[in-house]
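This report refers to the structure that appears directly beneath it.
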Number of protein chains: 2
Amino acid sequence: MGHSRPTLADVAGAAGVSVSTASLAFSGAGPIAAATRDRVLAAAGELGYSGPNPLGRSLRSGRSGIAAVVIGDQLRRSFRDPVSVQVLDGLVSTLGQMGLGVLLVPGMPATEGTTGVDPLLETAPMDVAVLIWGSREDDPALLSLQRRGVPVVIGEGPSVEGVPVVGIQDRRGSEELARHLVDLGHERIAVVSLPFGGPRRCAVVSPQRMTELRWTPTKHRLEGLQDAGVVPTVVVEAAASLVEEGQAAGRLLLDVEDPPTAVVAQSDLLAAGVLLAARDLGLRVPQDVSVAGFDGIDLPWLAPDVLTTVAQPLAAKGEALGQTVAALLAGEQPEPALLPVTLRTGTTTGPPRT
Amino acid sequence: MGHSRPTLADVAGAAGVSVSTASLAFSGAGPIAAATRDRVLAAAGELGYSGPNPLGRSLRSGRSGIAAVVIGDQLRRSFRDPVSVQVLDGLVSTLGQMGLGVLLVPGMPATEGTTGVDPLLETAPMDVAVLIWGSREDDPALLSLQRRGVPVVIGEGPSVEGVPVVGIQDRRGSEELARHLVDLGHERIAVVSLPFGGPRRCAVVSPQRMTELRWTPTKHRLEGLQDAGVVPTVVVEAAASLVEEGQAAGRLLLDVEDPPTAVVAQSDLLAAGVLLAARDLGLRVPQDVSVAGFDGIDLPWLAPDVLTTVAQPLAAKGEALGQTVAALLAGEQPEPALLPVTLRTGTTTGPPRT
DNA sequence: GTCCGGGTTCGAATCGTTTCGAGGCGTCGC
DNA sequence: GCGACGCCTCGAAACGATTCGAACCCGGAC
C-alpha cells in the first residue's frame, strides 16, 4: 500500500483520464463533460483525495493566496487594543471573501536584542503584505518587503512613494474635538498622546523629544489641535494605548498644583485611564476636569459616563484595507483612502469650573 | 529587459556555478567552499535576488511553514476576549521561534447561511492546524482537516481519538473556588456560564437546555462545582464571554426577590459584568453578594476591587500548544497536557450576610 | 608514479499542479 | 457524401526549488 496522500495523477489514473483533465474537473477552468467530471470526482472520493495540493497549485500559478499582516512590535500589545482588533476583523473578513488567508507576522524579531526583521517576513509565502498600524518611512519591515517585491499596503502610516495608504481623518477629527473644548471655554488643555515611536516611555514630552516624533497618527492628532488654535499646556507620551498607561499619565497631569481643565487623550483606552486617575484623585468629571478620547470603541464598564470622543469607522477601515489589497493584486495603482470621522460628544466634557 | 524576479537559476548563472550549488549557498545544508558561497551571495545581491522563493521550496520539501489557527465563530468575538488573545500571543511567539507562521482561519464560513466550513480551511497551505478554543467532537472544521490529512491540535476541547489536547484544570479549579465559597458559608450560589454551544443566547438554563451542553470548558467548570457539593440555585448561560453579557446575566440573577449570596461566573469578563450589575442595583460587594470569576486576567478598571478568580497560565497555554505542534511535526504522538490553575482570592468574595 | 580519500561541485530527477496548443471524434450543413 | 466546425480530451512544458548520488580536483602517502 502506497502511503503518501494521493495526487492528482493517482486520481486521474483511477478515473481513466489524463492529469490535465482531472485538473479541469477540480478547477472548473475550461470545458469538461459533466460525466467526466463526475467520474473524476468519484475516483477522488474513493481514494480519499481532498482537492488539489495548494503547494503545487501555488508554485504553478505564482500565487499563494496569503496576505501577510504585519502587526506592531508585540502581538500582545496590538491585540489588547480593541482598535487593532476591530480593524483586523474587518480585514480578515474582507480578504476571506476574496479567498485570501491572513498570515500574522510580528513586526520585529521574536528574540530580543536581534536587529533586523522577523525571519517570517523574509521567508514566508505571501502575495501582499499589510502594515496594519503605524509604519514609519524607514520601517525595516517595509524595506524588507520592498526588496522581496511584495506589494504593500500601509494602514495609518506616512505616505511612501508607490505604497498605497489607508487612513482616517486624524487631523480633522482632532481639530473638531479641540474646537468643541474651546467652545466650552477651556483654555488650559493637556494631552495624553500615543507613543512617539522609538523607545517607549510614559513621561512628559520635552521640546527635545517633540522633535523625535515619528509616528504618524500621533503627529496628525497633535496637528489637529494646532489647527484649532489650541496649544497644549503639557503633552504626556504614553508607552502604549492601554488603560494603565492612561491612568499613569492622568496622575502625572492631574496630581499637580494647577491642573488643566481638560485632557485630550489620543485614544479611548488612554482616556478611560485618565478618567480612573481623576476618580482616584477625587476629581469630578466633567465638573472639575473634562476628558476626551479618540476612536469610538465600546467601553461598557464606563457607564453611566459616556466618553466624548472622535469615532472612526474601524471595521470600514479593515474593509478599505482589504479593497486596496484587492486592487493591488489586480494590478491597479490604488488611490490612498482617507476615511471620515465623527465627533461624538458624551458626558465627560463640559464647561470648565470658573 | 526581463522583468520577472530573478530565480536561483539566474543567480547561479551570474555566479558561474550550478543551480544546486547556488541552492547550497542559501540553505547551508551541505558542504560548500566559503569563497563559492560569497560569490553566489554577491551575485544574488547584484541581481536583487532576495532568497529562495518559498513556493518552490515548499513544493519540494512538502512543508509550507504555516500553522493554521482556527478561531471561533467570529474573529471579533474571539479577539475581544483577552483570554484568546493571550493564548494566541503565546502561540505565535512559540511557533515563530520554530519558523512557523500563523494563518488565521475563521471557523465558520464568512457568508451567512452557508453550511460547511470556511473555504480557506480546505484550500490554504498548512502543515498543522490548531483549534484554539472550544472545538466539539463533531466540529466540521475538525472533520475537514482530518480528511485533508492535516495534523490537528485542540485547545480546550473534548478528547478525540488521536488528536492531542492542551487544556487546563478547569474542573479542579472550579472545585477549589466552590470550596472557598462554601467555607465562607455560602449556600445559595448562582452561576453565569460560558456558552453551551449551538445557538447563542443569554438566558436562564432550563433542564432541557442543560442536556444540550456541548462545550467542554463550560461543562468541566460546572462539574467542578458538583465535585465540591455545590448545586447552583440558577445557571444563566451567557451568549459570549463579554462584560455586557455578564452584566445582563447579573441583572437576571440579582434583580429578584431572594437573590443568591454568591455568583460564580465562568470567566473574569462575565464576573466584571456581574459586578457592574450589582453596582447598578445598589448591592455592595462582597457584603450583599460575593462574585467570583475564572481566568485571572488583568482588569485595571476594577480597582480598588480585586476579583476572586481562578488564574490559568494563559501564555503558558499558548506555549504548550506550540510545543505540541512541534512534537506533532516531529512525528511524535504528544501526550495531552493539562495545565495547573490557582485560586486567587480577592476582595469580591466574603461571608454571606446573616 | 599511482592510488586513495576528503572536500566540492554538478546533473538530473522530483515535488503536484496548471496551462496551452494540438488532436480526435461526432454532428451539422450543404 | 464530404468538409468544416465544436466540444472535449490529452501530452508536454513550465513553475522554482531541493536532494542524492556521481564526478571531479587536488594533495598526500606508499
Side-chain angles (χ1 to χ4, degrees), chain A residues 2-41 43-44 47-65 99 122-127 148-149, chain B residues 2-41 43-44 47-65 99 122-127 148-149:
Chain A
H3 293 305
S4 54
R5 302 193 66 71
T7 74
L8 196 52
D10 299 330
V11 174
V17 300
S18 75
V19 187
S20 38
T21 304
S23 173
L24 256 33
F26 283 98
S27 69
I32 186 172
T36 314
R37 180 180 43 240
D38 292 347
R39 195 145 40 89
V40 173
L41 262 32
L47 291 174
Y49 179 81
S50 53
N53 182 327
L55 267 30
R57 180 212 293 275
S58 290
L59 176 58
R60 175 63 230 225
S61 63
R63 290 230 166 154
S64 60
E122 315 232 66
T123 62
M126 56 184 78
D127 295 339
R148 270 185 77 178
Chain B
H3 293 307
S4 55
R5 303 194 63 73
T7 74
L8 194 52
D10 299 329
V11 174
V17 299
S18 74
V19 189
S20 37
T21 304
S23 173
L24 256 32
F26 283 98
S27 69
I32 185 171
T36 314
R37 182 183 38 242
D38 292 347
R39 195 146 39 89
V40 173
L41 261 32
L47 290 175
Y49 180 81
S50 51
N53 181 327
L55 268 31
R57 180 212 294 277
S58 290
L59 175 58
R60 176 63 229 229
S61 62
R63 289 228 167 157
S64 59
E122 316 232 65
T123 61
M126 56 185 77
D127 296 339
R148 270 185 76 177

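These numbers were taken from a predicted model, which means no experiment stands behind them. A note on names: the letters A, B, ... follow the listed sequences, proteins ahead of strands, and every chain is numbered from 1.
Of all heavy-atom pairs spanning B:Arg39 and B:Val17, the tightest one is NH1-CG1, 3.9 Å. Heavy atoms only, all atoms of each residue included: A:Phe26 and A:Gly51 are closest at CE2-CA, 4.3 Å. Among all heavy-atom pairs drawn from B:Thr7 and B:Tyr49, the shortest one is C-CE1, 3.6 Å. The minimum heavy-atom distance linking B:Ala43 with B:Ala15 is given by the pair CB-CB, 3.8 Å. Minimum interatomic distance between A:Leu8 and A:Ala22 (heavy atoms only, all atoms of both residues): CD1-CB, 3.8 Å.
In the region residues 29-36 of chain B, proximity to DNA chain C at under 4.0 angstrom, judged on heavy atoms, holds for B:Pro31, B:Ile32, B:Ala33, B:Thr36.
Annotation: side chain to side chain donor-acceptor pair (under 3.5 Å) contacts of B:Ser50 (sequence neighbours excluded): none. Judged as a side-chain contact (heavy atoms from CB on, under 4.5 Å), and not counting sequence neighbours, the contacts of B:Leu55 are A:Ser58, A:Leu59, A:Ser64, A:Pro125, B:Asn53.
Atoms CG (B:Leu24) and P (C:dG11) sit 14 Å apart, rounded to a whole Å. Atom C1' of nucleotide D:dC8 and atom CG of A:Asp38 are separated by 15 Å, given to the nearest angstrom. Atom CZ in A:Arg63 sits roughly 20 Å away from atom C1' in C:dG16 (whole-Å rounding).
A:Pro54 places a side-chain heavy atom less than 4.5 Å from the side chain of B:Arg148.
Put simply, B:Thr21 has a side-chain N or O that comes within less than 4.0 Å of OP1 or OP2 on C:dC10. OP1 and OP2 of D:dT9 both lie 4.0 Å or more from every side-chain N or O belonging to A:Ser18.
Relative to the axis of its first five pairs, the axis of the last five pairs of the helix from C:dG1-D:dC30 to C:dC30-D:dG1 sits at 60°, rounded to 10 degrees.
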As a quick check of understanding, evaluate side-chain contact (heavy atoms from CB on, under 4.5 Å) for B:Val40 and B:Arg37, giving each step before the final call.
CA-CA 5 Å; B:Val40 173; B:Arg37 182 183 38 242; 5.7 Å; no

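Within the 3.5 Å criterion, the main-chain N or O of B:Ala35 finds no donor-acceptor partner in the side chain of B:Asp38.
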Polar-atom pairs under 3.5 Å, protein N or O versus N or O of nucleotides 12-16 of chain D: list them with distances, or write none.
unit_1	atom_1	unit_2	atom_2	d
D:dA14	N3	A:Arg60	NH1	3.1
D:dC15	O2	A:Arg60	N	3.4
D:dG16	N2	B:Gly56	O	3.3

Between protein and nucleotides 21-27 of chain D, what N or O pairs are separated by less than 3.5 Å?
none

